[in-house]
Amino acid sequence: MSTPDVSVIVIVYNDAERLPRAVQSVLDQTLHSVEAVIVDDCSTDGSFEVAQRLAAQHPGRVRAFQLPENSKGCGEPRNRGIVEALGTYVMYLDSDDELELNACRNMVEAAEATGAELVSGLSTQIYIDTRTQREQPWYRWLYQRHQVLENVAELPDLFVFDTLSTNMCYRRDFLLDSKLTFVKGLLYEDLLYSAQAYLAADRIALIPNQVYKWYIRQNVAKSEKSITNRRDEIRNFSDRIEIHRRIDALLAEKGQTKLRRHKDLKFLKHDVPLYLREFPQHSAEWQRQFAELTRDYLATIPLDVFDECQPVQRVCAYLLIKEDWANLLPAIDWLRNPRKTPMPLVERNGRIYFCADHLDDETGRRMLDVTDVGFQARNLSESVLRSQLTGWEPLGADAVKITGRTVNPLGLVQAEAKLSGRMEVKARRKGLQTFSFPITSFTHRGDHVEWECTLDISKTLRPLGLVDTIWDVWLNMSVDKQRTRQPLSVDQLDLDGDFAARPRLTRLLADRLEPEVSKPGHLAFQLSAVGTAARKGRGLLFDLMSSPAGAPLKRSAKRVLQARRDLNDQPNKIRWYHRAMTRMPVKKGLVVFESHLGKQYSDSPRAIYEEMRRRGLKFHAVWSYEGKKPAKGFPGAGKDVELVERWSWPYLYALARAEYWIDNQGFPLALRKRPETTYVQTWHGSALKRMGFDMAEYRMQPRHKQDEYQRALDRFDHFVVRTEHDVDTLVRAYRLPESKVLRVGYPRNDALVATRRAELSSGKRERGPLAAELGIDPDRTIVLYAPTFREKAPELVLDPVAFAERFGEDTTLLVRSHYMQRLAVPRTLKGKVVDVTDYPDITPLLGLADALVTDYSSVMFDYALLDRPMVFYAYDYEEYAGAARGTYFDLREAAPGPFVETQDQLFDAIDAVRKGTDEFAEKRGAFATRFGEYDEGRAAAQIVDRFFGPAAGTQAKGEQA
């Protein structure tokens with residue numbers, strides 16, 4: 001055999017069943033000159049015999065080797081594979097995973113084209129024990145486009161986050177010349193190996209292609225978990241620390257101090273929290289050893305690195321260093337449950353601290369400062385107060401007396417407040433039963449409230465016994481007229497005893513309720529059979545159903561349960577949509593509206609709908625919403641409008657029979673549009689960042705995936721644009737024909753054009769009722785901050801406290817952040833900073849604002865129509881425009897306002913706006929003309945004229961595609 005292009009080293013240990021599949025993924029590669037080198041780690045289940053059989057079946061393409069003894073890790077089998085490999089390039093594959101069909105071809109082509117010694121591609125996690133086999137790309141943002149790095153320090157995130165060895169292709173000569181081998185006897189060998197490879201490579205290529213399928217099983221027994229997932233073994237963490245120390249030494253040797261800082265930050269934000277979440281359930285000895293290992297290593301990390309962590313991560317690390325278990329356990333509860341208020345909190349000189357301890361030194365104050373979290377801004381109904389179970393006293397086999405304490409943060413619960421409440425025991429399965437028990441006493445203790453309750457479990461709680469096996473416990477507390485609801489945290493409290501159960505489906509199913517601690521650390525009860533109904537820990541009926549005699553009953557039960565699942569299974573819904581619903585006649589006048597995938601009642605679909613209502617047209621309107629109920633702002637359901645949940649059966653029925661689809665983003669891609677339905681796509685903004693087939697991730701998809709995406713785009717019968725820039729970018733990127741382009745402007749912007757005209761006519765700016773609704777003095781200057789969403793940066797980068805300190809006397813900041821980047825506004829900033837993220841439609845907010853601060857959001861194109869100042873806070877422009885998706889034009893050159901990169905520069909620019917300085921008026925006008933040439937204030941009217949008619953009583957009639 002000639003020298004293969006690639007040797008794929010397949011390692012296996014006791015995985016005879018899945019090994020053939022992994023090897024087949026190597027043999028099926030579209031690059032044919034590929035060999036599989038199987039290395040068995042001295043398995044005991046016949047894996048090596050399977051490997052030998054595969055080698056015999058595929059001579060010259062598969063070779064098999066076995067280690068003389070088990071190495072207890074992945075490193076030694078891979079090292080042996082490197083020795084045995086014949087290929088020009090080397091890849092690694094685990095026996096329970098697969099290579100993507102084109103992995104070797106794509107990686108070798110990239111290596112040959114760039115001269116890279118190391119090529120890395122996208123790995124995708126596939127959760128195979130979930131019903132839909134959920135797929136999760138592994139750090140997708142690293143693989144948005146082709147990149148070539150001369151030094152890994154050019155892209156620190158690659159070094160820090162993608163530490164796998166299996167999604168990389170290495171030149172074998174490079175591995176041998178660099179003497180790269182996996183470390184022996186330590187877990188997490190991939191971390192060190194990938195660090196060594198990154199630092200040794202003179203050139204690294206990244207490709208935007210999936211190369212590795214990483215299969216993950218979550219619901220497995222401890223014995224079946226991978227060795228790196230057994231975090232209850234202290235060796236797991238000690239090995240991780242040792243690997244980090246070796247990487248630190250390597251970075252010091254190479255002089256890579258910046259990379260060390262990035263790595264330390266990832267350790268604080270990911271590694272430590274990973275173990276802390278499970279900290280309370282471990283033994284005291286494990287906790288002691290963990291604290292000792294962590295404390296010693298954290299001492300090597302500079303204090304200013306901690307400042308870049310989220311407050312909860314910083315607090316947990318500091319309390320761990322101090323071995324302050326009393327305060328650490330609530331901090332871990334906060335880490336597990338981010339919405340909780342975990343402590344009474346302490347206020348000193350206007351700053352809020354996690355606890356009163358450790359504040360006598362500057363480091364303690366620095367590490368425990370949680371002011372920016374905004375606990376102090378939450379009222380009672382917005383708070384999930386930490387309620388800790390402090391006492392557990394079983395009263396025989398029927399009841400248990402529980403006591404606990406609920407934190408009272410910053411005196412939120414006044415001493416004179418009237419307290420009442422009930423304990424709720426609720427089946428975890430949605431829609432099933434709930435039972436409640438009165439709280440017998442409340443006692444206000446200043447920084448916390450104590451309570452007592454008796455749960456008459458056996459006498460009151462009547463489970464069905466089959467589908468409601470887990471029951472969660474909640475405290476519902478009323479403070480005067482405000483209510484709060486929280487689970488009960490269990491911190492290392494022994495939950496002795498179990499309680500008699502009386503299932504409605506007989507005690508043959510279960511006869512006991514056992515207390516347990518849920519994964520987030522909360523009190524729950526588990527139905528079980530431990531008494532007369534038990535045999536091997538299960539109820540007799542369960543045993544009967546598992547026996548041959550119970551087989552028919554079991555099959556019947558499975559059919560019933562499967563039928564219920566099938567009814568709401570998305571593939572089945574799609575199948576019935578196409579097979580049955582789309583064959584029903586189109587209902588004249590039925591119009592389905594959707595905005596931002598059902599998340600809002602807003603934007604151009606709303607403007608079109610309201611124009612139709614204003615004209616009194618006769619039509620049947622259906623609005624879709626995402627979630628269990630419509631978000632704030634949707635019209636009330638009634639005779640004039642029907643509200644349907646997205647992906648529900650009524651939603652599919654409406655889409656199948658609609659005469660018109662109107663939305664601004666995209667109805668589900670899997671749903672075919674029938675020819676009799678007219679689809680008006682209003683879109684949701686002009687493009688700065690590349691879209692559609694201008695994005696590498698779409699261009700690099702397999703042909704069948706591209707065709708599938710194109711078919712979804714081809715459903716558009718009409719595509720609304722507001723400028724020729726949209727035609728040159730969006731229309732071209734979505735490969736739409738000229739015949740589908742509607743040059744009418746965005747209906748949502750009609751209101752902005754009208755606002756500008758009214759302002760010019762009257763010579764003054766009217767605030768309208770919105771300012772009063774938001775509690776803003778109409779005489780104040782109003783600045784709207786509306787950044788775009790970032791996949792990597794969930795923290796908001798504008799400090800609201802600093803803004804209020806500088807401008808709060810006469811200026812209000814409106815913050816409209818992404819739902820993953822929520823801003824907590826302290827109560828002390830009321831009227832100075834207002835969170836408007838939940839306001840249903842941004843257009844009225846634009847009309848209210850005297851100035852806009854944004855970065856790359858398409859809102860800039862809309863706001864330009866008002867001819868008001870804009871500031872571009874583009875602190876990460878190079879990364880956004882380069883390493884991310886790329887842009888259609890250079891915003892630095894085109895921006896009709898100051899282009900700033902730091903908060904100080906931003907504040908100076910805002911100050912200039914407040915003082916009336918305006919150097920960008922001419923540029924702003926040109927910007928509005930370029931990007932809003934068709935926004936003349938009649939977009940909604942033109943669309944309604946064209947498709948629905950001008951007056952009440954006319955028959956809705958649109959053009960067919």
Side-chain angles (χ1 to χ4, degrees), residues 6-13 37 39 41 67 71-85 87 89-95 97 99 103 107 111 116-121 123 138-139 142 149 151-153 155-206 211-212 214 226-229 236 238-254 256 259-260 262-263 266-267 270-271:
V6 183
S7 293
V8 180
I9 299 168
V10 185
I11 63 170
V12 59
Y13 175 69
V37 180
V39 183
D41 197 9
L67 299 186
S71 68
K72 296 181 172 61
C74 300
E76 278 298 274
R78 288 173 180 163
N79 289 339
R80 174 68 181 276
I82 295 171
V83 173
E84 302 294 348
Y89 296 91
V90 170
M91 293 180 65
Y92 302 111
L93 173 64
D94 293 344
S95 61
D97 298 328
L99 293 183
M107 300 183 95
E117 295 147 322
L118 186 162
V119 179
S120 186
S123 177
W138 181 253
Y139 299 117
L142 295 171
L149 309 175
N151 189 314
V152 71
L155 187 58
D157 281 355
L158 180 65
F159 182 88
V160 168
F161 290 102
D162 198 351
T163 56
L164 303 176
S165 62
T166 49
N167 61 330
M168 299 183 190
C169 181
Y170 314 81
R171 290 184 187 269
R172 184 167 180 269
D173 288 345
F174 161 69
L175 297 180
L176 297 177
D177 293 344
S178 303
K179 299 179 180 179
L180 281 178
T181 58
F182 288 87
V183 65
K184 300 177 183 179
L186 289 174
L187 305 178
Y188 302 105
E189 65 282 332
D190 269 21
L191 273 70
L192 181 57
Y193 186 81
S194 63
Q196 292 171 325
Y198 284 140
L199 293 169
D202 291 326
R203 182 167 292 180
I204 301 168
L206 306 183
V211 298
Y212 196 84
W214 177 6
S226 67
I227 51 179
T228 53
N229 280 329
N236 185 290
S238 64
D239 279 8
R240 186 187 284 261
I241 290 290
E242 178 58 27
I243 290 291
H244 273 278
R245 290 189 185 280
R246 296 190 185 196
I247 295 174
D248 294 342
L250 184 62
L251 291 172
E253 177 187 334
K254 300 287 187 181
Q256 294 282 7
L259 278 181
R260 167 70 197 268
H262 283 277
K263 187 194 73 67
K266 192 247 186 179
F267 180 79
H270 175 266
D271 295 41

query = Hey, mind stepping through Thr163 and Asp190 against side-chain contact (heavy atoms from CB on, under 4.5 Å) and telling me if it holds?
reply = CA-CA 6 Å; Thr163 56; Asp190 269 21; 5.7 Å; no

message = Determine whether His244 and Phe267 satisfy the following criterion, ring-ring contact (aromatic ring centres under 6.0 Å, His included), listing intermediate values before the conclusion.
response = CA-CA 9 Å; His244 273 278; Phe267 180 79; 4.9 Å; yes

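Closest approach of Ala85 and Val37 over heavy atoms only: CA-CG2, 4.4 Å. Asp41 and Tyr13 get closest at one heavy-atom pair: O-CD1, 3.3 Å. The nearest pair of heavy atoms linking Phe182 to Gly75 is CB-CA, 3.4 Å. Scanning all heavy atoms of the two residues, the minimum distance from Tyr198 to Asp162 falls at OH-O, 2.8 Å. The two residues Asn167 and Ser123 come nearest to each other via the heavy atoms CB-CB, 4.0 Å. Summarising the geometry of Met107 relative to Cys169, their closest heavy-atom pair is CE-N, 3.5 Å, with the distance given to 0.1 Å.
By the 4.0 Å N-to-carboxylate-O rule, Arg246 lies close enough to Glu242 to be salt-bridged with it. Between Asp94 and Arg78 there is a salt bridge, since at least one side-chain N of the basic residue sits less than 4.0 Å from a carboxylate O of the acidic one. Residues Arg171 and Asp177 are not paired through a salt bridge, judged by the lack of any N-O separation under 4.0 Å between the basic side chain and the carboxylate.
Under the 4.5 Å side-chain criterion, counting only non-hydrogen atoms from C-beta, Leu259 is in contact with Leu199. Within the 4.5 Å cutoff, the side chain of Tyr92 has no heavy atoms near those of the Ile11 side chain. Side-chain contact between Leu155 and Phe161 is absent, with no heavy-atom pair separated by less than 4.5 Å. In this structure the side chain of Phe159 reaches within 4.5 angstrom of the side chain of Ile247, judged on heavy atoms. Residues Leu158 and Ile204 form a side-chain contact, since some pair of their non-hydrogen atoms from C-beta on lies under 4.5 Å apart. The side-chain heavy atoms of Asn151 and Gln256, taken from C-beta on, include a pair separated by under 4.5 Å.
For the atom pair CG of Leu164 and CH2 of Trp214, the computed distance is 5.0 Å after rounding to the nearest 0.5 Å. One finds the OH atom of Tyr188 at 11.5 Å from the SG atom of Cys74 (value rounded to the nearest 0.5 Å). In this structure, Thr166 OG1 and Leu99 CG are separated by 9.0 Å, a value rounded to the nearest 0.5 Å. One finds the CG atom of Leu192 at 9.0 Å from the OG1 atom of Thr181 (value rounded to the nearest 0.5 Å). Atom CZ in Arg260 sits 3.5 Å away from atom CG in Asp248 (nearest 0.5 Å). Note: Ser238 OG to Leu187 CG = 8.0 Å, rounded to the nearest 0.5 Å.
Side chain of Ser178 to backbone of Leu175: no donor-acceptor contact under 3.5 angstrom is found. Formation of a donor-acceptor pair under 3.5 Å by the Glu117 side chain with backbone atoms of Asp202 is found in this model. Remark: the backbone N or O of Ser165 is paired with a side-chain donor or acceptor of Tyr170 at under 3.5 angstrom. Between the side chain of Ser7 and the main chain of Gly87, a donor-acceptor pair closer than 3.5 Å is present.
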